[in-house]
Structures are given as C-alpha cells and as structure tokens.
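Note that these values count all heavy atoms, side chains included, but never hydrogens, waters or copies made by symmetry. Note that ligands are numbered from 1 as they come in the structure, with each ligand's atoms numbered from 1 the same way.
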Amino acid sequence: MTDTVRAIDDLRRRRRAAILAHSYQPADIQALADFVGDSLELSRAAASMDCETVVLCGVRFMAETAAVLAPDRTVLHPVPDAGCPLASCMDTSGLAALQNDHPGARTVVYVNSSIEAKAMSWACCTSANATAVVSAAPSGEVVFGPDRNLGAFVASRTGKKLWIFDGGCPPHHSMDLSDVARKRRLWPDAKLLVHPEAPPAAWAVADAVLGTGAMISFVRDSSASRFLIGTESGMVHRLRTLFPDREFEPVGSVSCPDMKKITPADVLASLERMEPVTRIDPAVAEAARASVARMASIG
Ligand code: 13P
C-alpha cells in the first residue's frame, strides 16, 4: 500500500467518506474505491451509501447527478475540469428548439447532459435504463438528446417516435471499425459487446449492445471464455478484475481523456481540503430533481 492510499484510507474514515468510481476510471482509482459501477449504479449509491461525504471519481455530470440525489451530503469531484464533451454538446437553446418543434412530446435526456438540460426534461436516463424510461414516458413521441446513437438504439427498441438531438460521444462515435473487424478475425470465438453510444455499424456486427453494467451481467451469464469489448478501455480493466479466468480485449480504440484525469493524489487532496465541492444553483437543482429521481427509480 502506498503512502497516498494509506492517507486516503485514514481521511476516508475521519470524513465518513465513500469513494465512488465509474468503470472507465484508471486502475489505481478503481482499486481504492468503495464502489465501482455504471452511471445508474453510481447515482443510486451516492444517495444510499452510509456516508456523509461522496468522492465522485468520474466526469462532472456524474458528480452533479449525485449532488441532486444526495443534497444532504457533500459531493467532492476531485478534478472539476473532468467534463464530458457529449454532455456539453447540447446547450439549453438547442434542446429548447427541439422541444418547440415537437410540443406534444415528453423530453428524456441522457444522463450525459448538463444539469440545465435535465431541468428541462421529464426524465433523464442512462444506457442501463434508456429503453425503460422512454417506454414509461406518457407520450407516443419523445424528444431525446444528446446522443444520436443511443437515441436511434432506443427508438429501435420502443417503437416510439423519437426526435433526436444530433450529438455524440467523440471516443465512442469515432470507434475504429477496422480494428473491430481485425480483432473479430483474430478471436473468432469471442463475444463482441459494444456500447450503444457506438455507431450503428458497430452494433450490426456485435453479439450484444449493452451499457457497462449490463456488460458485466452478460459476461457473468455467458459460457464464453473470450470477449471483445467495444467501449472505453477502463471497462476492460474492470472486467479483467471481476473475471480473472476469462479473457478480454479492447476493440475500436475507445479512450476518454476526461475519464483519466483523476489521480489518487487528487482524491487525497480533495479529502484533505474538502474541496472542490459540487455546487449547483438551488433553483436549477430543484428543477432537475424530479427528472433525476425518475431516472434513479426506473429499470
Ligand atoms: P454507462 O452508463 O454504461 O456506465 O456509460 C457511461 C458513459 O459515460 C458512457 O460513455
């Protein structure tokens, strides 16, 4: 154990802190976390774990969601500069324009969005429950954003008419399909799992299109011994840790620089200073609460 990890352990006890990490986080952050999970699991854990402080190791929208769901806890986000280009590609005027064009449609936004966009929506969703949330919306037409690929995937599963914002996750959307095909040839027996933020051409060759939490369940329930993983490379570390008797290979060169910004030294510094705290304008947080709570309760 390093001095940094020892100091984090000491402060985590004194601050009654829970360290939550997304499965895309670097190996050293996953190793020191109290809980590692997908976006939906992290938001639920932030509200339900027995703690006073949450250290959210992920990107900013994850810390914001935790702060809305757990207003009585201090939510630390060790590197506030760790953002999400997908979340920031849809501003409120872009979403409002889509809503004005389709006044009869409820709005569902992906959790990878700004807190202001969530405040404008009926519900938000993650990749784990997007189909269930859109199905639950009390309208036949739904405005959806900001991820065009997830939107198209959900539309194909629900039969509802979706009006989809034209945004995307740069690392997933630019997945290298020639690498996918090459590794398919190298490991012909492997199951190929891809994230719904990947382009439809990747889903077409995949064995399953799944969010990160569902990828873990798929592997657990599968009799296959090798898997090709078409999502952010941190997920490969997570799967190798959970299933040391299986083999995993990343495909498509999907790497998110923002997910790699937090180091153990940043976690320690945030616990020492009890900063940076994720603070949300109270009126915006209040407006977003129903949407975020619906996400956490469905699916
Ligand atoms: P999950 O909801 O599958 O964890 O995905 C989060 C994410 O940010 C994908 O880019």
Exercise. Just heavy atoms, cut-off under 4.0 Å: does N112 contact ligand 1 by side chain, backbone, both, or neither?
Worked result: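 Within the 4.0 Å criterion, N112 contacts ligand 1 through side-chain atoms alone.
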For this session: For ligand 1, note which part of E232 has a heavy atom under 4.0 Å away: side chain, backbone, both or neither.
Result: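 Within the 4.0 Å criterion, E232 makes no contact with ligand 1.
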Considering only heavy atoms of [X], which atoms of ligand 1 have at least one such atom less than 4.0 Å away?
X    : result
H172 : 10 (O)
S39  : 1 (P), 2 (O), 4 (O), 5 (O), 6 (C)
D38  : 4 (O)

For this session: Using a strict cut-off of less than 4.0 Å between a Lys/Arg side-chain nitrogen and an Asp/Glu carboxylate oxygen, indicate whether R44 and E41 qualify as a salt bridge.
Result: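 E41 and R44: not salt-bridged.
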Exercise. Is the closest N or O pair between T126 and ligand 1 shorter than 3.5 Å?
Worked result: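 For ligand 1, there is no N or O atom that lies under 3.5 Å from one belonging to T126.
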Problem set entry | Close side-chain approach of W187 to F227, heavy-atom, < 4.5 Å |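 A side-chain contact is absent here, since even the closest heavy-atom pair is not under 4.5 Å.
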Exercise. Is the closest side-chain heavy-atom distance between V5 and L268 below 4.5 Å?
Worked result: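 With C-beta onward as the side chain, the pair stays apart.
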For this session: Just need the protein heavy atom nearest to atom 9 (C) of ligand 1, so name the residue and atom and give the distance.
Result: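 Of the protein heavy atoms, E197 OE2, 2.9 Å lies nearest.
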For this session: Give the residue, atom name and distance (to 0.1 Å) of the protein heavy atom nearest atom 5 (O) of ligand 1.
Result: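 Its nearest protein heavy-atom neighbour is H195 NE2, 3.3 Å.
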Can you tell me if [X] has a non-hydrogen atom under 4.0 Å from ligand 1?
X    : answer
S127 : yes
E41  : no
M259 : no

Output a table of donor-acceptor pairs, distance under 3.5 Å, between side-chain atoms of residues 20-29 and any protein atom two or more places apart or on a different chain; print 'none' if there are none.
from : atom 1 : to   : atom 2 : distance (Å)
H22  : ND1    : Y24  : N      : 3.0
Y24  : OH     : T231 : OG1    : 2.7
Q25  : NE2    : M259 : O      : 2.9

For this session: Could you tell me whether a side-chain N or O of D179 sits under 3.5 Å from a main-chain N or O of G252, the two making a donor and an acceptor?
Result: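 Checked: pair present.
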Exercise. When you check the side-chain N and O atoms of K160 and S135, is any donor under 3.5 Å from an acceptor?
Worked result: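 No.
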For this session: Classify the angle between the aromatic ring planes of W163 and H102 as parallel (below 30°), tilted (30 to 60°) or perpendicular (above 60°).
Result: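 Parallel, since the angle between the ring planes stays under 30°.
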Sequence neighbours left out, cut at 3.5 Å: what donor-acceptor pairs do the side chains of residues 104-111 make with other protein atoms?
from : atom 1 : to   : atom 2 : distance (Å)
T107 : OG1    : Q99  : NE2    : 2.8
Y110 : OH     : E197 : OE2    : 2.5

